[in-house]
2 protein chains.
Amino acid sequence: MMNLTIAEENYIKSIYKLEEEGQEAVSTNALAGELETKPASVTDMAKKLKEKKLISYEKYQGINLTPDGKKAALNIIRRHRLWECFLVDKLSFSWEEVHELAEELEHVRSEKLINRLSEFLGNPQIDPHGDPIPDAQGKMGKPRPQTPLDKARSKRLEVVAVSDKSTALLEFLNAKGIRLGTQLDVIERYEFDNSIELKIRNQPAFTISEQVSKNIMVKPI
Amino acid sequence: MMNLTIAEENYIKSIYKLEEEGQEAVSTNALAGELETKPASVTDMAKKLKEKKLISYEKYQGINLTPDGKKAALNIIRRHRLWECFLVDKLSFSWEEVHELAEELEHVRSEKLINRLSEFLGNPQIDPHGDPIPDAQGKMGKPRPQTPLDKARSKRLEVVAVSDKSTALLEFLNAKGIRLGTQLDVIERYEFDNSIELKIRNQPAFTISEQVSKNIMVKPI
DNA sequence: AATAAAGTTTAGGTAAATCTAAATAAATAA
DNA sequence: TTATTTATTTAGATTTACCTAAACTTTATT
């Protein structure tokens with residue numbers, strides 16, 4: 001496998017993420033948004049990644065990972081999620097703190113390190129946010145059936161994952177008492193702004209915005 | 001504390017090392033050698049680090065760390081050595097494999113991470129090469145009394161550290177059976193090239209070059 | 001002390017990853 | 001279908017961390 005720079009790895013990871021979220025071809029704009037950079041920068045990098053045969057890309061036609069690109073993406077995701085497990089399981093970090101740290105640790109590229117880390121952790125299958133961890137061959141369990149909260153139909157739900165890992169969101173959820181496995185009751189859905197009123201066990205009800213509800217993945221209970 | 005780039009951190013670390021080795025003022029050339037870069041690059045970086053008040057530097061006069069620079073250096077060294085402990089103690093890496101990995105891990109800058117890692121490891125005082133680990137305040141135990149093998153006078157010696165951490169050297173030592181705590185008998189010192197003939201317990205004797213013997217730190221036994 | 005050798009700095013350049021502003025293509029609306 | 005809006009690309013700069021080659025200091029040698 002080729003040697004990628006940190007910037008290249010971050011692009012690959014983001015392209016993978018956007019493809020997963022259902023984008024047929026990932027647009028320059030969407031990728032710029034995801035990476036908090038400018039479209040012009042994305043175009044530059046697209047040329048480079050195409051050169052390295054990690055993506056297919058034609059001017060104005062958007063971006064897709066090649067099989068090689070996908071393999072690279074899964075490897076980066078494996079590293080990221082294993083480090084998250086380490087931070088939570090061994091160093092007692094909480095759920096919402098680990099994403100940015102893992103974002104840095106994931107760029108230490110060593111097969112041996114990551115395989116030993118996995119072993120040390122007992123070869124975990126899912127990370128602290130509920131996402132599956134690809135194995136050394138890049139095989140990853142199907143993410144469990146889940147719906148974003150804004151689309152869920154049932155009244156009684158369980159939180160199975162959070163798709164946006166920004167500290168801001170995770171801290172907000174933490175403050176509200178929402179974490180993996182938390183059970184939620186939907187009190188009301190307000191059409192005018194798609195906000196949702198929720199209740200957890202015996203705590204007072206509270207309201208979350210559509211923006212937030214899109215990022216909370218739930219399953220009926 | 002200021003935010004340093006990886007390159008800046010590596011310079012700081014190398015300046016610290018050369019000062020420790022006794023250089024009054026660290027020369028451009030020595031630093032270039034240590035970092036495997038060119039003197040002109042060192043001059044460039046020296047200006048930047050002076051700007052940040054991490055070193056004192058005057059044209060042609062060499063480099064020294066300021067108190068701030070030293071604090072930064074000790075912090076980087078702390079991270080490096082704790083990761084080495086982690087790799088050896090928890091992931092069963094061997095002595096000679098960990099240096100380059102720690103070289104990458106050390107650049108993940110997070111007080112919290114490193115303090116938790118230290119705690120997780122039982123707040124170790126020395127790393128797998130026998131070097132002391134600075135504490136969170138940057139206080140570091142005195143390195144134990146030790147002499148480079150090429151300067152040692154006794155015949156019977158114990159290996160307490162290895163100062164050059166290049167994989168090449170560490171692998172060589174490993175192959176010869178030389179590790180921390182190994183006891184050596186000096187059979188002969190050859191003046192013409194300063195090579196040394198050694199023996200370990202009941203193994204056959206072998207010869208090492210001056211270059212190698214300079215990097216093996218020993219104490220009389 | 002004069003000169004040669006060694007060490008250091010400057011000047012000018014390169015590659016990676018960004019950016020802004022302007023140009024161009026594609027999608028949408030009138 | 002033409003015009004307008006939106007998306008994308010190009011052109012040209014910028015910053016960081018390097019580099020080489022030439023100029024300049026310092027140190028060592030004769």
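First the proteins, then the strands, lettered A, B, ... as listed; each starts at 1.
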Query raised in the report: How would you give the extent of chain B contacts on DNA chain C, as first and last nucleotide 5' to 3' within a 4.0 Å heavy-atom cut-off?
Result: C:dG7 to C:dT10
Requested in this report: Answer yes if the side chains of A:Ser195 and A:Asp193 hold a donor-acceptor pair under 3.5 Å, and no otherwise.
Outcome: yes
Report task. Go through residues 51-58 of chain A and report each residue with a non-hydrogen atom lying under 4.0 Å from DNA chain C, sorted by number. Result -> none
Which protein N or O atoms sit under 3.5 Å from an N or O of nucleotides 15-18 of chain D?
unit_1 : atom_1 : unit_2  : atom_2 : d
D:dA17 : OP1    : B:Thr5  : OG1    : 2.5
D:dA17 : OP2    : B:Lys48 : NZ     : 2.5
D:dC18 : N4     : B:Asp44 : OD2    : 3.0

Query raised in the report: What residues form a side chain to side chain contact (heavy atoms under 4.5 Å, CB included) with B:Val212, not counting sequence neighbours?
Result: B:Leu169, B:Phe172, B:Leu173, B:Ile208, B:Ser209, B:Ile216
Query - Contacts of type salt bridge (charged side-chain N to carboxylate O under 4.0 Å, His left out), residue A:Glu84, not counting sequence neighbours - result: none
Query raised in the report: ring-ring contact (aromatic ring centres under 6.0 Å, His included) with A:His107: which residues, sequence neighbours excluded?
Result: none
Requested in this report: Before giving the answer on side chain to side chain contact (heavy atoms under 4.5 Å, CB included), spell out for A:Lys17 and A:Val26 the whole-Å C-alpha distance, their side-chain angles and the decisive distance to 0.1 Å.
Outcome: CA-CA 10 Å; A:Lys17 186 183 172 199; A:Val26 175; over 6 Å; no
Query raised in the report: Run the side chain to side chain contact (heavy atoms under 4.5 Å, CB included) check on B:Leu198 and B:Thr207 step by step: do they pass?
Result: CA-CA 6 Å; B:Leu198 291 176; B:Thr207 305; over 6 Å; no
Query raised in the report: Is it true that a side-chain atom of B:Ser118 and a backbone atom of B:Ile114 form a donor plus acceptor pair closer than 3.5 Å?
Result: no
Report task. Begin from the C-alpha positions of B:Glu97 and A:Lys112 and carry the test side chain to side chain contact (heavy atoms under 4.5 Å, CB included) through to its verdict. Result -> CA-CA 10 Å; B:Glu97 297 173 292; A:Lys112 194 167 181 181; 2.3 Å; yes
Using atom names, set out every protein N or O paired with an N or O of nucleotides 21-26 of chain D below 3.5 Å, distance rounded to 0.1 Å.
unit_1 : atom_1 : unit_2  : atom_2 : d
D:dT25 : O4'    : B:Tyr60 : OH     : 3.3

Query raised in the report: salt bridge (charged side-chain N to carboxylate O under 4.0 Å, His left out) with A:Arg109: which residues, sequence neighbours excluded?
Result: A:Glu9
Query - Residues, nucleotides or ligands: over 12 heavy atoms within 6.0 Å of A:Gln125 CD - result: no
Query raised in the report: Taking any strand in view, what nucleotide pairs with C:dT24 in a Watson-Crick or G-U wobble way, both distances under 3.5 Å?
Result: D:dA7
Report summary line: Exactly one of A:Arg81, A:Arg79, A:Lys13 clears salt bridge (Lys or Arg N to Asp or Glu O under 4.0 Å) with A:Glu103, and that residue is A:Lys13
Query raised in the report: With sequence neighbours left out, what residues match A:Ser56 under side chain to side chain contact (heavy atoms under 4.5 Å, CB included)?
Result: A:Asn64
Report task. Identify, residue by residue, the members of residues 17-33 of chain A with a heavy atom below 4.0 Å from DNA chain C, and return them in order of residue number, or none. Result -> none
Report summary line: For B:Phe86, the ring-ring contact (aromatic ring centres under 6.0 Å, His included) test, sequence neighbours excluded, returns A:Phe86, B:Trp83
Report task. Determine which pairs satisfy salt bridge (charged side-chain N to carboxylate O under 4.0 Å, His left out) with at least one residue from residues 43-58 of chain A, sequence neighbours left out, and list them in order. Result -> A:Glu8-A:Lys52, A:Lys50-A:Glu58
Query raised in the report: Roughly how far apart are B:Leu184 CG and B:Ser154 OG, rounded to 0.5 Å?
Result: 11.5 Å
